[in-house]
Structure formats: C-alpha cells, structure tokens
Amino acid sequence: MMPKVSEQAVAEYDAVAAGLVSSGVVRGSMFGMPCLKIGKKVLAGMYGDAMTFKLPPEPREKALALPGVEPFDPGMGRPMKEWVLIPLSQSAVWPDYAAEALEYVRG
C-alpha cells in the first residue's frame, strides 16, 4: 500500500519535474509510484510525501546528513543501494538532488 500524498508534495514534485523537462526528463511510473526518467533510466520518484533520488556516493552521503533523510526502502525489506528518500520538510533541496540524479543516471 502506497503512503498518502499531500497536495503540497504533489505541487513540489510537479515543480521539480517541470524544471527538468528541458533536459529531456519525462514522467513515468515505477512500482506504481510516479517517477522521472531520462530515456529508460529512472532518476527520481515520489513516495508518499517524499521524493526518492538515485545518487552517486558523495551527494548521497550529503543528503543522508539532512534531518529526516534515509536510504530508500520501497517496502521490500532492504534499502535500494543508490537511492535516498528526502521528506517534504526538505523539499527545498529536491531540485538540487534531482539535478544531481539526472547527471548521475545520464552518465
């Protein structure tokens, strides 16, 4: 069962998505949750009131140092290695991490 999503979280997510459109990022779905992709690669997603990002080691460590940020576990019992979950309370940094994630998955 997916965590509930607030309107504010959706608005912030939409803003992040809109900011990446010019880079070729499209909206999609992963595990039934909204996600952002470039080509076939997923770089970010929405999980409840939080956003998830696929990040390289340094930005990932930096993100994990923020209050409320944790490794992303989509409920399968173990966190996904490169992914972090950044809560709505930290949505001010969502665009920054979205840009990092885009650069990372684009290679």
Side-chain angles (χ1 to χ4, degrees):
M1 167 107 170
M2 274 292 166
K4 194 166 159 13
V5 181
S6 69
E7 282 177 27
Q8 188 194 348
V10 171
E12 298 280 356
Y13 175 83
D14 285 346
V16 170
L20 295 173
V21 168
S22 61
S23 305
V25 171
V26 297
R27 292 162 177 259
S29 178
M30 164 178 81
F31 311 132
M33 68 182 207
C35 72
L36 301 175
K37 306 192 234 195
I38 183 102
K40 292 199 178 339
K41 296 177 178 170
V42 175
L43 58 112
M46 183 154 205
Y47 190 75
D49 258 2
M51 267 195 85
T52 64
F53 300 94
K54 183 174 187 174
L55 298 170
E58 240 168 83
R60 192 168 65 244
E61 290 307 312
K62 206 173 86 184
L64 287 168
L66 295 169
V69 177
E70 53 192 56
F72 176 49
D73 177 356
M76 297 178 201
R78 57 175 201 168
M80 290 167 67
K81 192 165 66 100
E82 300 171 299
W83 290 77
V84 294
L85 185 70
I86 303 182
L88 180 57
S89 58
Q90 298 285 346
S91 62
V93 302
W94 287 1
D96 300 343
Y97 285 104
E100 294 266 18
L102 172 60
E103 209 172 291
Y104 183 46
V105 302
R106 212 167 31 186

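Worth knowing before you read on, the calculation uses all heavy atoms, side chains too, and leaves out hydrogens, waters and symmetry mates. For this chain, numbers begin at 1 and follow the sequence in order. Because the structure is a prediction, the values reported are computed rather than measured.
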Side chains of Phe72 and Phe53 in contact at under 4.5 Å (non-hydrogen atoms): no
Please report the shortest heavy-atom distance between Leu55 and Ala63, naming the atom on each side. CD1-CB, 4.2 Å
Without swapping roles, check the side chain of Trp94 against the backbone of Ile86 for a donor-acceptor pair under 3.5 Å. yes
Ignoring hydrogens and geometry, is there a side-chain-to-backbone donor-acceptor pair from Asp49 to Ala9 under 3.5 Å? no
Count I, L, V, M, F, W, Y as connected when their side-chain heavy atoms are under 4.5 Å apart, and connections chain through other members. Are Leu64 and Leu88 then in the same cluster? yes
Pairwise salt bridge (Lys or Arg N to Asp or Glu O under 4.0 Å) hits with a residue in residues 53-69, at least two apart: Lys54-Glu82
Contacts of type side chain to side chain contact (heavy atoms under 4.5 Å, CB included), residue Ala17, not counting sequence neighbours: Arg27, Leu36
Kindly give the heavy-atom pair with the smallest separation between Val16 and Ala98, and that separation in Å. CG1-CB, 3.5 Å
My understanding is that only residues two or more places apart in sequence, or in another chain, count here; which of them pass side chain to side chain contact (heavy atoms under 4.5 Å, CB included) with Ser29? none
Side chain to side chain, Ser23 and Arg106, heavy atoms closer than 4.5 Å: yes
Quick test of your reading: applying salt bridge (Lys or Arg N to Asp or Glu O under 4.0 Å), list the pairs with at least one residue in residues 85-105, sequence neighbours left out, ordered by first then second residue. none
Give the cluster check for Val21 versus Tyr97: same hydrophobic cluster or not, with ILVMFWY residues linked at side-chain heavy-atom distances below 4.5 Å. no
Determine the minimum heavy-atom distance between Ala44 and Met51, stating which atoms define it. CB-CE, 3.8 Å
Sequence neighbours left out, what passes side chain to side chain contact (heavy atoms under 4.5 Å, CB included) with Glu70? Give chain and number order. Leu85
Show me the pairs that pass salt bridge (Lys or Arg N to Asp or Glu O under 4.0 Å) and involve residues 28-45, at least two apart or across chains. none
Does the side chain of Thr52 reach to within under 4.5 Å of the side chain of Met80, using non-hydrogen atoms? no
Could you list the residues that satisfy side chain to side chain contact (heavy atoms under 4.5 Å, CB included) with Pro56, not counting sequence neighbours? Pro59, Tyr104
